[in-house]
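Owing to the predicted nature of the structure, the values given are computational and were not obtained by experimental measurement.
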Protein chains: 2
Amino acid sequence: MIEYSRQPHYLVAVDCIVFGFDGEHLKILLVKRGLEPEINKWSLMGGFVGPSESPDDAANRVLKKMTGLEGVYLEQMQIYGEPHRDPIERTLSVGYFALIDIHKYEAQLNDDYEAEWFLINDRPKLIFDHDKMVADARKKLRYKAALHPILFEMLPKKFTIPQLHILFEEVNDTKIDTRNFSRKITSTGLLIKLAEKDRTGSKKGAFYFKLDKKKYAANAQAFLSLVPNLKV
Amino acid sequence: MIEYSRQPHYLVAVDCIVFGFDGEHLKILLVKRGLEPEINKWSLMGGFVGPSESPDDAANRVLKKMTGLEGVYLEQMQIYGEPHRDPIERTLSVGYFALIDIHKYEAQLNDDYEAEWFLINDRPKLIFDHDKMVADARKKLRYKAALHPILFEMLPKKFTIPQLHILFEEVNDTKIDTRNFSRKITSTGLLIKLAEKDRTGSKKGAFYFKLDKKKYAANAQAFLSLVPNLKV
DNA sequence: ATTATTAATTGTCTTTTTGACAATTAATAA
DNA sequence: TTATTAATTGTCAAAAAGACAATTAATAAT
């Protein structure tokens, strides 16, 4: 008969892959680790799950602490639980990916952490199994974004179709036809065209759009097939 | 500065939602819990994660122990980590769902566990948050099965289109047009028609099919849109 | 003032896929 | 030989997808 008391206990942590988009490229937010082992090495932002919080709570707390942001789009990915993934002591980590508007993020000065954005394709080697986590997160982001309208989370409230287009290409690492993309994205009914134009990118300027919040909430779980020739 | 030693440690468990199909209805395999608290109450099959195994290892071990089956289709769902989900001591549980061919399962006599199949829609109340887990698993099964050819895992090696049809209807809790379903499922190229017929269900008999293993392996990650008017 | 330039926006056509719908076929039972 | 039952196959219209290029709105250059 199994008894609770005989069972081993482990540390449980969360690690967050924070994605952002600077208008050109997909980026992730990394921090310099503030504790041994591997102190001062680049790492995902993470922390241990406290006694009175769920892993989801912990992930939100960590994000708040390290980015200053609340109410961030956060999604549980999977658990990383190989016995020796942390060399000091067995620690299971719940991986999350987060999507944030890079412009909202104001670096929080903090003695323990220095956070910095890196191009997803040009980032330093990370500690432990964090490189695997990033790879998994990217895959899952691609999967999810192909079917659900979540990439808006990485754009400002007002955005243009060309911005959205580049973001989709960046996430899926593929070229998408402008005309077909435009048709698809507008046919979702999720976008509301504004009178204002963004004139920073071109002479003609591109119309701003915003999300139809109501329809977005209603369609958050809808499948939308937003990427052509989908193969994941 | 955070130190490992100060951090709290928790029990980590796995719980498996085991789905099966008897030819008519979707079923789940439940066990009578063999330890306090809630001893002898119906529960998902689960167990603690041992010191030298990953959660995936633990889930496979539990399944092997309680069903006698190895190499079962197993998929990590999410972590259940509310602080007080287990009244005795904080335990985080990794939820898995498994798909097995109900006919392969031979009840393993075991002092600690009595396993039994229940109709998914007519099952006893479960302990802790296990009812929530079942609901989540069902949702995820539906989601996954709508896009990936995984339901074959619940059928024998030789199966008929009508069997598959009923299974899809059962999982999605909806009627699917026979003709359209047949067209779609065969157009995947995943099925190989056999010469033999299953004569148990009708006078005419239905041709057996088997999976094209190679194509199945290649398409396991492909999107297939197998369910009409998909809304998840 | 006119023209050149640049990027945003819009449009057409064909092919493929979907969804709605019913007739035919292969066996056994009457 | 006919009735019965479930499996199998077929058609058509609508919608979606994919390939492809012309037009437009602005500014810059002449």
For a quick check under 3.5 Å, do A:Tyr80 and A:Asp15 share a side-chain donor-acceptor pair by atom type? no

Residues within residues 193-202 of chain A bordering DNA chain C, heavy-atom distance below 4.0 Å: A:Lys193, A:Ser202

Which part of the nucleic acid, if any, lies within contact of A:Ser187, taking any heavy atom under 4.0 Å across all strands shown: a base, the sugar-phosphate backbone alone, or nothing? nothing

Atom CZ of A:Phe181 and atom P of C:dT9: how far apart are they, to the nearest Å? 12 Å

Salt-bridge contact A:Lys140-A:Asp136 (side-chain N to carboxylate O under 4.0 Å): no

Separation of A:Ile176 atom CD1 from D:dG18 atom P, in whole Å? 11 Å

Taking side chain to side chain contact (heavy atoms under 4.5 Å, CB included) as the test, write out the residues that go with A:Arg61, two or more places apart. A:Glu53, A:Ala58

Both B:Gly205 and A:Lys203 contact DNA chain C. Which one's nearest nucleotide lies toward the 5' end? A:Lys203

Please determine whether any donor N or O and acceptor N or O are separated by less than 3.5 Å between the side chain of B:Arg183 and the base of C:dG19. yes

Candidates D:dT11, D:dT5, D:dT8 - which lies nearest the side chain of B:Thr178: D:dT8

Does the distance from a Lys or Arg side-chain N to an Asp or Glu carboxylate O, for B:Lys214 and B:Asp212, drop under 4.0 Å? no

From NZ of B:Lys204 across to P of D:dA6 the rounded distance in Å is 12 Å

Residue B:Arg179, side-chain atoms from C-beta onward, closest of D:dT11, C:dA8, C:dA22: C:dA22

With a 3.5 angstrom cut-off on both distances, give the Watson-Crick or G-U wobble partner of C:dA29, or none if there isn't one. D:dT2

Do A:His25 and A:Phe19 have their ring centres less than 6.0 Å from each other? no

In this structure, how many angstroms lie between the P atom of D:dT8 and the CD atom of B:Gln163, rounded? 11 Å

Value in whole Å for how far the P atom of C:dT10 lies from CD1 of A:Ile185: 15 Å

Taken to the nearest whole Å, CG/B:Asn180 to C1'/C:dA20 is 7 Å

Side-chain atoms of B:Phe207 come closest, of D:dT4, C:dG19, D:dT8, to D:dT8

